[in-house]
Amino acid sequence: MTTLSAPPATVSKTLGSPLGSPRLPLIPALCCAALMPSLAKAQGEQKPNILFILCDDMGWGDLGCYGQHYISTPNIDRLAHEGMQFMQAYAGSPVSAPSRASLMTGQHTGHCEIRGNREYWSGQDTVMYGQNVDYARVGQHPLDSAHVVIPEIMKRNGYTTGQFGKWAVGYEGSWSTPDKRGVDEFYGPLCQFQAHAYYPNFLNRYSTALGDTGVVRELLTENIEHAFQGEDYYNRPQYSADLVHERAMQWLDRQEKGQPFCGFLTYTLPHAELVQPEDSILLSYKRQFTEDKTFGGAPQSWYHAITNVHAEFAGMITRLDTYVGQIMDKLREKGLADNTVVIFSSDNGPHEEGGGDPTFFNRDGVLRGIKRSCHEGGIRIPFIVWWPGHVEAGVRSEQQIAFCDIMPTFCDIIGETDYVSKYQNKRLGEDDYFDGISFLPTLLGDDERQQSHDYLYWEFDETDQIAVRQGDWKLIVKQGRPELYNLGDDVHEDHDLSADYPEKVRELVGIIGKAHTPNKNFNVTLPL
């Protein structure tokens with residue numbers, strides 16, 4: 001098991017306060033395909049490796065490089081210092097499953113199949129693990145079987161692919177499990193509800209080296225010796241986040257020069273439940289937060305009771321930061337760092353589940369809203385890209401990007417510039433298209449060639465919200481009622497300007513009419 005130690009006492013602030021960042025002008029729309037010959041020449045024959053580190057429910061203000069003062073994140077702050085930090089990056093959704101679907105498909109949530117956290121576990125048959133009852137089938141609504149996703153594209157281009165951590169875009173036995181969607185090796189919770197417990201009965205696995213022909217359950221035999229509920233739960237020794245990270249590190253250690261790889265390290269931290277091993281990381285924060293909160297538990301959500309809410313939450317972020325440091329050390333040790341793109345981000349804004357207290361940590365920074373909200377705090381997320389020799393160190397970009405941009409950017413990085421015609425599925429016809437724009441020119445410092453979005457779009461059925469961003473204008477529709485904000489001078493979205501600018505409201509409502517496609521599984525109230 002990997003040994004984790006306490007962080008330095010001080011929080012890195014090498015990039016200063018994000019509030020003083022200069023605004024960059026909007027970039028005219030131009031294609032970036034002309035960049036690729038020089039990029040390929042610079043890299044020689046081998047395509048760059050890609051590691052996407054995605055954490056869970058980390059707010060825009062949870063890192064030192066984004067203004068956090070309570071929590072130590074020196075390794076992630078170093079990534080920002082040595083790479084490019086995006087100040088206006090957006091998740092695909094204010095919750096996990098649709099956000100990850102947007103990332104995987106290159107589509108926004110008005111268009112892709114998954115638009116909410118629809119579960120496939122409740123009401124199913126159960127199984128027993130020791131004395132513990134568990135569900136016989138788990139997982140979320142699946143990705144469209146006919147639409148290509150990133151691991152499939154990478155695999156078709158000769159990449160070794162791996163995913164370690166939460167999947168959340170397909171239930172067990174569906175057509176959308178990692179083994180069927182281009183992933184060579186997988187380990188982690190297939191279901192995001194199962195991921196609520198950090199000492200679970202099992203994790204999912206797919207490994208041809210171990211003889212798997214599909215995703216299987218790997219029982220955590222030491223855990224199931226203890227009860228899933230009550231005090232005995234805390235006697236369970238197998239902490240899922242550490243297990244996933246250890247398996248990811250083993251996979252990374254097997255990668256070699258000459259064979260490009262693409263890995264998605266989708267850690268559950270710092271999602272609730274707020275619990276972790278009693279090691280030096282947690283103990284350091286218990287000493288820091290001498291006056292802390294307790295949480296009585298929420299059994300229906302599998303969140304167990306805890307006695308040190310703030311210390312547990314801060315420790316989970318620093319634990320994640322320690323993982324990042326170990327990943328970067330491994331890349332350097334293997335001689336892979338110079339030809340590897342490392343991206344760090346979060347799937348949505350900060351949570352208040354399991355006793356979490358985003359207000360205490362000022363987790364949304366200067367932003368309004370948390371997870372499940374289409375206000376900025378629910379969807380604007382940390383996003384850092386590290387790529388030595390290509391991305392200039394210490395740059396803060398104001399380019400507006402979203403998760404649907406990741407697929408086209410990956411395609412451009414590996415030289416697959418004709419992905420639209422190549423991967424559009426003829427069976428889906430006109431309904432199969434991509435909403436993203438490659439931001440590779442921004443990464444390479446070629447701002448003149450960077451396209452900008454005409455608009456960014458989100459919809460979320462659980463809270464019945466829709467959002468459109470166009471430049472500095474932001475329209476939010478709640479249960480069919482539009483609100484209008486100007487983020488240029490009101491980033492906290494305090495002043496609804498819909499009555500003052502009815503023409504702008506009508507214009508943005510018109511965009512909703514174009515961006516939204518009906519979906520029988522997920523419904524939102526459209527504005528009149």
Side-chain angles (χ1 to χ4, degrees), residues 50-58 60 86 88-117 139-144 147-155 159 161-170 176-178 181-183 186 188-190 192 195 262-268 271 341-349 371 378-385 400-414 416 419 423 432-440 443 453 456-460 522:
I50 301 175
L51 281 181
F52 196 104
I53 304 171
L54 182 68
C55 63
D56 203 328
D57 291 4
M58 175 180 282
W60 190 81
F86 284 81
Q88 300 194 69
Y90 290 92
S93 171
V95 295
S96 180
S99 191
R100 292 157 197 265
S102 180
L103 187 161
M104 286 288 185
T105 63
Q107 298 176 315
H108 60 58
T109 46
H111 180 210
C112 69
E113 172 60 26
I114 301 175
R115 307 185 190 185
N117 284 341
Q140 279 67 51
H141 191 70
L143 295 160
D144 193 315
H147 184 85
V148 70
V149 294
I150 291 177
E152 294 170 328
I153 293 176
M154 303 304 289
K155 193 170 177 64
Y159 276 71
T161 59
Q163 178 156 348
F164 302 89
K166 191 164 80 174
W167 177 248
V169 286
S176 187
T177 51
R181 302 314 304 254
V183 177
F186 171 79
L190 198 70
Q192 62 189 24
C262 177
F264 289 89
L265 311 184
T266 55
Y267 296 113
T268 310
H271 193 295
V341 186
V342 178
I343 301 174
F344 179 90
S345 192
S346 173
D347 64 349
N348 49 250
K371 179 180 179 180
I379 54 178
R380 194 187 292 204
I381 37 86
F383 198 96
I384 299 165
V385 181
Q400 295 175 21
I401 64 170
F403 271 16
C404 62
D405 298 329
I406 292 168
M407 173 187 277
T409 303
F410 278 24
C411 287
D412 270 355
I413 287 174
I414 68 175
E416 189 71 297
Y419 74 95
Y423 296 116
D432 188 52
Y433 55 88
F434 302 95
D435 300 301
I437 295 173
S438 170
F439 54 86
L440 178 61
L443 297 180
H453 283 278
L456 296 172
Y457 181 88
W458 303 264
E459 62 180 58
F460 181 49
F522 306 97

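For the single chain, residues carry numbers from 1 onward in sequence order. Note that the structure is a prediction, hence the values are computed from the model and not measured.
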Contact summary for A195 and P189, nearest pair of heavy atoms | CB-CG, 3.7 Å
When rounded to the nearest 0.5 Å, the distance separating CD1 of I379 from CH2 of W458 is 4.0 Å
Non-hydrogen side-chain atoms of P151 and Y159 separated by less than 4.5 Å | no
Taking all non-hydrogen atoms of both residues, which atom of Y419 and which atom of G436 are closest, and how far apart?
-> OH-O, 4.1 Å
Are side-chain heavy atoms of N117 and P98 found at a separation under 4.5 Å?
-> yes
Residue pair F383, I401: steps toward the side chain to side chain contact (heavy atoms under 4.5 Å, CB included) verdict = CA-CA 9 Å; F383 198 96; I401 64 170; 3.8 Å; yes
Only one of F86, W60, F403 passes side chain to side chain contact (heavy atoms under 4.5 Å, CB included) with I381; say which it is.
-> F403
For E113 against D144, the heavy-atom pair lying closest together | CB-N, 4.0 Å
Can you tell if the side chain of Y267 reaches within under 4.5 Å of the side chain of I53, non-hydrogen atoms only?
-> yes
Taken to the nearest 0.5 Å, the spacing of L54 CG from S96 OG works out to 7.5 Å
Nearest 0.5 Å, what's the CZ-CZ distance between F264 and F164?
-> 12.5 Å
Test item: D405 side-chain N/O and A402 main-chain N/O as donor-acceptor pair under 3.5 Å | yes
Can you tell me if E459 and Y457 form a side-chain donor-acceptor pair at under 3.5 Å?
-> yes
State, to 0.1 Å, how close C262 and F410 come at their nearest heavy-atom pair, and which atoms those are.
-> SG-CE2, 4.3 Å
Taken to the nearest 0.5 Å, the spacing of Q192 CD from D56 CG works out to 8.0 Å
Side chains of H271 and D347: donor-acceptor distance under 3.5 Å anywhere?
-> no
So, do H453 and F439 have ring centers that fall under 6.0 Å from each other?
-> no
Under 3.5 Å donor-acceptor, T161 side chain and K155 backbone = no
Does the pair F52 and I150 meet the rule for a side chain to side chain contact (heavy atoms under 4.5 Å, CB included), with working shown?
-> CA-CA 11 Å; F52 196 104; I150 291 177; over 6 Å; no
Look only at the side chain of S102 and the backbone of T109, and say whether a donor-acceptor pair between them is shorter than 3.5 Å.
-> no
Between F434 and H147, what is the ring plane arrangement, given parallel below 30°, perpendicular above 60°, and tilted in between?
-> tilted
Q140 and V169, any side-chain heavy atoms less than 4.5 Å apart = no
Does S346 use its side chain to pair, donor to acceptor, with the backbone of M58 at less than 3.5 Å?
-> yes
Backbone of H108 reached by a side-chain donor or acceptor of D435 within 3.5 Å = yes
Are the side chain of S176 and the backbone of G170 linked by a donor-acceptor contact shorter than 3.5 Å?
-> no
Take K371 and V95 through the side chain to side chain contact (heavy atoms under 4.5 Å, CB included) test and state the conclusion after the steps.
-> CA-CA 6 Å; K371 179 180 179 180; V95 295; 4.3 Å; yes
Is there a donor in the side chain of Y423 and an acceptor in the side chain of E416, or the other way round, less than 3.5 Å apart?
-> yes
Got M407 and M104 here, is their nearest side-chain heavy-atom distance under 4.5 Å?
-> no
Exactly one candidate in L51, V385, I384, I406 meets side chain to side chain contact (heavy atoms under 4.5 Å, CB included) with I343; the answer is V385
To the nearest 0.5 Å, atom CD1 of I437 lies from atom OG1 of T409 at 9.5 Å
Do any N or O atoms from the side chain of Q163 and from the backbone of K166 form a donor-acceptor pair under 3.5 angstrom?
-> yes
Is a side-chain N or O of Q107 found less than 3.5 angstrom from the main chain of C404, in a donor-acceptor match?
-> no
To the nearest 0.5 Å, atom CZ of R115 lies from atom OG of S93 at 11.0 Å
